[in-house]
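In what follows, chains carry the letters A, B, and so on, assigned in the order in which the sequence lines appear, proteins first and then strands, with residues in each chain numbered from 1.
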2 protein chains.
Amino acid sequence: MNRYLDMVDHPSHVKKLTQEQLGQLAGEIRHELITKLAKNGGHLGPNLGVVELTLALHRVFSTPQDKFVWDVSHQSYVHKLLTGRKNRFETIRTTGGLNGFSLRTESEHDCYGAGHAGTALSAALGMCAARDQRGSDENVVCIFGDAALTNGISFEGLNNIAHTTRRFIGILNDNEWSIAKNVGAISSYLNKLITNPRYNQFQRDVERLVKRMPKGSLAIKLGHKAEEALKSAFAEVAMEQNADRLEADGRGGHGSSLIFEEMGLRYLGPIDGHDLPLLISSLEYAKTSDMPVVLHVLTKKGKGYEAALNFPEKFHGLGPYDPVTGDTPAVKPGTPPNYQDVFGQTMVKLCQKDNSIVGITAAMPSGTGLKALEKAMPRRYYDVGIAEEHAVLFAAGMATMGFHPVCAIYSTFLQRAYDCIVHDVALQDLPVIFCMDRAGLSANDGPTHHGLFDIA
Amino acid sequence: MNRYLDMVDHPSHVKKLTQEQLGQLAGEIRHELITKLAKNGGHLGPNLGVVELTLALHRVFSTPQDKFVWDVSHQSYVHKLLTGRKNRFETIRTTGGLNGFSLRTESEHDCYGAGHAGTALSAALGMCAARDQRGSDENVVCIFGDAALTNGISFEGLNNIAHTTRRFIGILNDNEWSIAKNVGAISSYLNKLITNPRYNQFQRDVERLVKRMPKGSLAIKLGHKAEEALKSAFAEVAMEQNADRLEADGRGGHGSSLIFEEMGLRYLGPIDGHDLPLLISSLEYAKTSDMPVVLHVLTKKGKGYEAALNFPEKFHGLGPYDPVTGDTPAVKPGTPPNYQDVFGQTMVKLCQKDNSIVGITAAMPSGTGLKALEKAMPRRYYDVGIAEEHAVLFAAGMATMGFHPVCAIYSTFLQRAYDCIVHDVALQDLPVIFCMDRAGLSANDGPTHHGLFDIA
């Protein structure tokens with residue numbers, strides 16, 4: 001049925017397909033995701049967005065020798081399909097079935113497990129350090145979303161890369177969404193990069209090079225000589241860009257503009273994350289770099305599935321749905337309302353009665369139910385991004401001024417803010433209210449999402 | 001004895017002194033710090049560095065209406081001396097005496113307590129949000145060190161400022177040190193700012209304006225009309241700078257170069273943090289800004305005390321010392337070696353025997369004893385900055401590649417990495433070794449440094 005997917009039992013098989021065949025494989029994978037997840041649900045939208053990226057990664061790199069570290073790793077379903085787990089794919093997120101995240105015990109191709117955001121850059125850097133210590137030469141590729149950059153740990157990681165290793169490949173998978181639409185300065189900053197004509201130059205350069213290649217071939221399939229030529233052409237492009245920039249700086253400028261470059265990484269991009277030849281060539285180039293790089297890839301959450309494109313927040317992660325229409329089952333009359341809806345409505349009522357109450361969420365307006373407050377009283381609602389520590393400290397700051405902030409954070413994610421709760425709220429005896437949702441076992445998401453360590 | 005310090009029982013008294021008198025007060029404060037701390041020790045170096053800055057802050061702003069949020073707050077001794085606590089100053093860090101950090105219950109001038117790094121930006125932003133909610137107009141000033149920027153929470157805070165409030169005053173107190181010398185990309189980046197001639201322009205502009213003022217007067221003491229003139233002159237300078245930058249961008253550039261500006265804050269500086277008139281004028285300017293600002297202030301840890309200037313790490317925080325020579329008491333023969341020295345030497349021996357062992361510290365090479373490893377085997381030693389979460393994740397990444405990383409982190413600070421220990425190390429069953437120092441009560445530092453919540 002799946003002509004090409006059936007042929008892929010190991011990621012090395014991806015390397016044997018032609019460009020046209022890879023395009024068809026991408027279509028088959030999308031179909032597989034949409035139909036197989038319909039029964040039990042899952043992180044559909046994010047995975048539809050990384051089909052081409054994951055194919056390109058497996059085309060250019062070779063796991064398990066090379067390491068892919070997925071941030072959060074809810075977007076690693078395509079990776080699972082390509083690494084010998086396609087026959088068990090419909091068991092995902094069920095008891096005894098595949099885990100919905102990367103899991104070291106599940107496959108040698110999963111080098112790192114996750115579930116919470118912001119861990120990938122630091123963990124991948126640890127792998128680079130280990131590689132450099134032992135003098136081996138595998139590639140470590142860290143795939144992180146723009147949402148991960150709203151989390152402080154990612155910055156701690158970025159701050160440490162350049163002086164720790166010369167070989168680090170970061171892929172910024174930028175879809176402008178975390179679970180809800182992203183917030184904050186970093187998000188605006190990335191948008192500015194995307195719309196800046198100067199930086200589209202990288203994509204045009206790579207496209208020009210791809211066009212010059214023999215028809216139907218891909219960088220990886222060129223003979224050694226052609227490959228060398230490609231690399232040196234790339235290097236020239238990069239040097240010219242650098243020269244332009246230096247010249248601009250000389251004319252009254254300063255350092256270079258990019259946060260990543262200030263952090264000591266070479267910035268490549270942005271490029272279209274659904275253009276397979278472009279992705280492959282860009283990754284080939286990144287692979288040759290003798291300094292840490294970050295490749296900025298623009299993807300569309302839900303790509304190839306109209307329902308998911310229209311409702312990206314709903315399709316980030318959902319329960320069962322109709323694979324054709326995307327409809328989710330109607331709530332049966334008489335079903336009691338769920339916790340988060342009751343909570344959201346209650347918050348609205350409380351805020352209407354008491355001016356000192358505000359609601360704070362860390363990128364989960366729908367999951368926590370605070371979306372109701374956002375709609376009813378937007379000025380009393382704060383979404384701070386995936387930044388649980390900041391959320392708690394921000395609440396503590398407001399509490400010192402007589403407010404009663406309500407932090408609505410899932411139990412599993414509040415673990416992030418453990419020190420802030422002890423050091424800033426409890427020690428200072430401040431009236432911050434924590435509403436922890438999803439305490440206890442989280443059956444579908446598995447161990448990383450269990451809320452077993454609630455703070456008493 | 002202290003002619004001017006004796007006159008200051010409330011910060012409003014600082015506003016009554018002339019520029020010359022303020023300079024003499026600065027000298028008296030330094031003398032007070034050096035002599036009074038000699039008996040029991042304390043954070044001498046950092047406080048010697050912020051004498052002029054603290055005077056300028058109290059000159060321009062008025063606590064307790066205005067809020068000063070000190071990051072870590074070990075550098076708030078001068079603030080304590082100026083806010084009615086000078087007579088109890090020699091009790092600092094003793095039972096029943098003054099706390100070594102900001103403490104809400106100690107004074108109405110301490111609006112926020114701290115002890116751990118990286119909390120100030122988020123907490124101060126919470127105060128700004130509270131002020132904006134209730135429509136009052138106090139100033140919120142957040143004083144944070146360059147070391148705080150190696151901590152991820154500071155970035156979560158920065159990411160949220162610009163879309164949350166229009167009035168936020170950040171003071172980057174840059175002394176190039178956390179406890180040890182700072183590490184990482186942010187540290188190199190700040191150095192680049194300091195040495196860039198373009199950005200010294202701000203200091204020259206302010207100096208020029210200060211020179212034009214009537215002799216002996218300060219911005220705050222000018223009549224209303226003169227003050228307005230000063231503000232508009234400042235605004236013109238700022239606009240010119242902005243125009244320069246836009247022009248440079250048009251010539252092939254991109255956004256502006258500064259990380260702070262990319263984050264939506266107006267960057268002012270860098271300026272000499274020991275030049276009182278310059279500090280006062282710059283703060284006056286910052287106070288008028290209708291968008292969030294960060295003023296980059298260069299200070300010298302230990303300023304005015306030769307021993308502390310020569311040994312900044314030792315004088316960051318220390319026990320009793322001789323106020324004249326700076327000598328600390330010699331260790332009595334027969335005293336058993338302390339924990340961290342034994343630990344450091346043991347780490348060296350273990351690393352020599354076993355290639356898979358590495359040592360990781362979060363900005364505490366001396367405190368943890370890992371400095372011995374740095375000296376003996378620098379390639380097996382990692383200092384990641386004040387970034388406990390990154391430290392644990394980095395260790396987890398190395399552990400996936402067969403290494404046995406040893407994380408040496410004080411018990412109180414490891415609370416920061418609680419989620420990483422659960423989610424990344426324990427759940428993945430990775431061989432990361434935690435060596436928690438300073439467990440139990442921390443008598444001198446007080447509650448924020450107790451290690452009561454060790455992870456079992």
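- In this structure, the side chain of A:Arg380 engages the main chain of A:Ile357 through a donor-acceptor pair within 3.5 Å.
- Heavy-atom distances place the side chain of A:Leu430, and not its backbone, under 4.5 Å from chain B.
- Only the side chain of B:Val358 comes within less than 4.5 Å of a heavy atom of chain A; its backbone N, CA, C and O stay farther away.
- Listed by first then second residue, pairs satisfying salt bridge (Lys or Arg N to Asp or Glu O under 4.0 Å) with a partner in residues 118-136 of chain A read A:Arg134-A:Glu138, not counting sequence neighbours.
- Between A:Thr412 and A:His116, the side chains place a donor N or O and an acceptor N or O closer than 3.5 Å (distance only, hydrogens not considered).
- Atom CG of A:Asp429 is surrounded by 12 or fewer heavy atoms from other residues, nucleotides or ligands within 6.0 Å.
- Looking only at heavy-atom pairs under 4.5 Å with chain B, the residue among A:Ala120, A:Gly126, A:Gly152, A:Ala162 that has the most is A:Gly126.
- Each of B:Glu388, B:Lys67, B:Arg379 has some count of heavy-atom pairs under 4.5 Å with chain A, and the biggest count is that of B:Arg379.
- Every residue two or more places apart in sequence or in another chain that forms a salt bridge (charged side-chain N to carboxylate O under 4.0 Å, His left out) with A:Glu106 is listed here: A:Lys80, A:Arg85.
- Both the backbone and the side chain of A:Phe394 come within less than 4.5 Å of a heavy atom in chain B.
- With a 4.5 angstrom heavy-atom cutoff, B:Ala396 touches chain A via backbone and side-chain atoms both.
- Per-residue counts of heavy-atom pairs under 4.5 Å with chain B were compared for A:Cys111, A:Ala395, A:Ala387; the largest is that of A:Ala387.
- Heavy-atom distances place no part of B:Cys128 under 4.5 Å from chain A, backbone and side chain included.
- In terms of heavy-atom pairs under 4.5 Å with chain B, the best-connected choice from A:Thr164, A:Leu125, A:Asp419 is A:Asp419.
- Summarising the geometry, atom CE belonging to B:Met127 is positioned 12.0 Å from atom CG belonging to B:Asp66; distances are rounded to the nearest 0.5 Å.
- When each of A:Ala130, A:Ser356, A:Gly118, A:Ser136 is scored by its heavy-atom pairs under 4.5 Å with chain B, the top score falls to A:Ala130.
- Side-chain contact, B:Asp424 with A:Tyr112: a donor N or O sits under 3.5 Å from an acceptor N or O.
- Not a single donor-acceptor pair under 3.5 Å links the side chain of A:Gln133 to the backbone N or O of A:Ala129.
- Considering only heavy-atom pairs separated by less than 4.5 Å from chain A, the leading option among B:Ala399, B:Ser154, B:Gly157 is B:Gly157.
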